[in-house]
Each structure stands twice: as C-alpha cells, then as structure tokens.
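Scope of the values below: all heavy atoms of this structure, side chains included, with no hydrogens, waters or symmetry mates. Being a predicted model, the structure only gives us computed values, none of them experimental. Whatever order the structure lists ligands and atoms in, that order sets their numbers, starting from 1.
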Amino acid sequence: MHRPRITVPEFGAFKAAGKKISVLTAYDHTMAKILDSAEIEAILVGDSMSMVVQGHDTTLPVTLDEIIYHAEMVGRAVERALVIVDMPFPTNHLGVHKAIENAGRILKETHCQAVKLEGGAEQSQVISGLVAAGIPVMAHVGLRPQSVHTMGGYKVQRDREQLLIDARAAQDAGAFGIVLECIPGTIAQEITAMLRIPTIGIGAGNGCDGQVLVINDLLGLTSGYVPRFVKQYADLKSVIVDAACRFRDDVRSGDFPAPEHAFRG
Ligand code: KIV
C-alpha cells in the first residue's frame, strides 16, 4: 500500500516516541528513490553538493538555482521520507523578507517540505519569519560549514554556553529540528535532553535523537579527506572502478557486445 510522506509534525513526534531518526543526503532522482526505498526518515538536499557533486573546496559556491534544480529531482522521486533542502549561502542572511522569498521558491519549485539553515541565536528572527510564513525550518548549530572562513577551518566547536544558547534560540524561534555538527558528545547529549525538538547529529556522538551523513561518504565514493565521524558502509568507488575496467577490457577484446546484446536484422 502507498504510504504518504512523513510530515514535519510526525518527524517531531519521533523524539517523544523514542524512535531514532536516520537522515541521509541525496542530490538526484536515482539516489533519492533508492534511499526512500530503504525507509530513511528524512532526505536532505544538502549544500554539501557544492563539494561532493560540483567538486568545490567549500559549500559556499552552490547557488539557489542549482539547489532548486537538484531538489526538484529529489522531490519528484521521494514518496515516503520527509524532504529537507538546505538554504545555500547567503540566502538566509539578506533579511527576513528576502529569506522568505528564497525559501518560498524552494518549497514552490521542488515538492520538498522544509528548509534547513545554518545558525542558531543570530538566525532566530529569520527562523520565526519563515515559520510564520508556513515554511518549516531545521536549524544547524555547532560547526557551520558556510562560516568556514569565520571559524578558521572545519573545527570541533566546544563553546558549551554558546551552543546551548543557539540550540535554545532555534527551538524558541520555531525550528522543528536541529542539526548538531562537530560538537563534543557530552554537549550534544545535554542539548538533546534540554530540547523538545529532535537533534540530528553529525560528529556529535550517539546521544542525539538521530544521525545524518553525506551519502557519498557513507557509500565510499568520496576521494581524499574523509572526516573522522564518517562510518563508511560500502566501497562503491572500488565497485565502480572494477566494473568500468571490465567493460573497457570487454570492449578491447570484442567480448562486448555479445550476440545477446545485439538486434537481429
Ligand atoms: O549539506 C549537508 O550535507 C549538511 C549535512 C552534513 C548536515 O548540512
């Protein structure tokens, strides 16, 4: 039987029910369909696409039009999971009115249900403006990759007091969930106990209400540096290289295409 998509209130209720939440990124229709069939609770069209799809060094270059282009493919593919889309830099920093215009485009043009933005206390006006406009918001505190230059690199964030202020402010402003990135597990656990909205950790230990990973990292598709918090569940890079090499060898030897791959006259 066809199950409708998980809604934002249902996502929030997982915490009270004690159900751990799995979130993965997806950037295209094929991957989104596969992850949806695995019954992942939420799919994030992350601005990490700037690095893992577009090959940039940071998440800063990806544009709103590019995020919408990818989110539309994902939105059409997903039947069951909640679909969340990142607001790319600096689309949530141009005033509340502009943030509503930008996030509004994401919801209107992609069939996705919510946006995620990086920030806590300093984004509280934007979060409440978006929520008042009917746009569900997931906040993101701790390491905020869009602020890599201000933070001086991709570093673990240890300012407990500021992290608690940011998390509380995001909830009070109306966020329905919050990503905690690269913070000590003890602080993540404290925030999780303090909030009524779910915390989704990445590099924040196992005391969060859920976990998120970048799909390319989980599948072993990432070349070069892989953060310590990643668990690689497959080595698809080797599988792909092996398949491509066997194809190349078959083409060179004439073994492909075989008679069964060809049409009769
Ligand atoms: O862009 C992204 O993929 C993210 C997750 C890693 C949380 O923000």
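- Heavy atoms of His140 found under 4.0 angstrom from ligand 1 belong exclusively to the side chain.
- One finds no salt bridge joining Asp250 and Arg246 here, because no Lys/Arg side-chain nitrogen approaches an Asp/Glu carboxylate oxygen to under 4.0 Å.
- Residue pairs meeting the side chain to side chain donor-acceptor pair (under 3.5 Å) criterion with at least one member in residues 146-158, sequence neighbours excluded, are Asp47-Gln146, Arg144-Ser147.
- When non-hydrogen atoms are compared, ligand 1 lies under 4.0 Å from the side chain of Asp86 (C-beta onward) but not from its backbone.
- With a 4.0 Å heavy-atom cut-off, ligand 1 is reached by the side chain of Leu44 but not by its N, CA, C or O.
- Note on ring orientation: taking the six-membered ring where Trp is involved, the planes of Phe11 and Phe176 are perpendicular (angle over 60°, cut-offs 30° and 60°).
- Against a heavy-atom cut-off of under 4.0 Å, Gly46 is close to the following atoms of ligand 1: 1 (O), 2 (C), 3 (O).
- Salt bridge annotation for Arg105-Glu101: absent, with no cationic side-chain nitrogen under 4.0 angstrom from a carboxylate oxygen.
- Taking atom 6 (C) of ligand 1 as the reference point, the nearest protein heavy-atom neighbour is Ile202 CD1, 3.6 Å.
- Heavy atoms of Thr25 found under 4.0 angstrom from ligand 1 belong exclusively to the side chain.
- Formation of a donor-acceptor pair under 3.5 Å by the Lys15 side chain with backbone atoms of Thr192 is found in this model.
- Counting the atoms of ligand 1 from 1 in the order shown, those under 4.0 Å from a heavy atom of Lys116 are 4 (C), 8 (O).
- Note: no N/O pair closer than 3.5 Å links Tyr27 and ligand 1 by distance alone.
- In the vicinity of Ser48, heavy-atom distances shorter than 4.0 Å reach the ligand 1 atoms 1 (O), 2 (C), 3 (O).
- Within 6.0 Å of atom CD in Gln162, more than 12 heavy atoms from other residues, nucleotides or ligands are found, so the atom counts as buried in its surroundings.
- A distance-only check finds a donor-acceptor pair linking the side chain of Thr199 to the backbone of Asp209 [under 3.5 Å].
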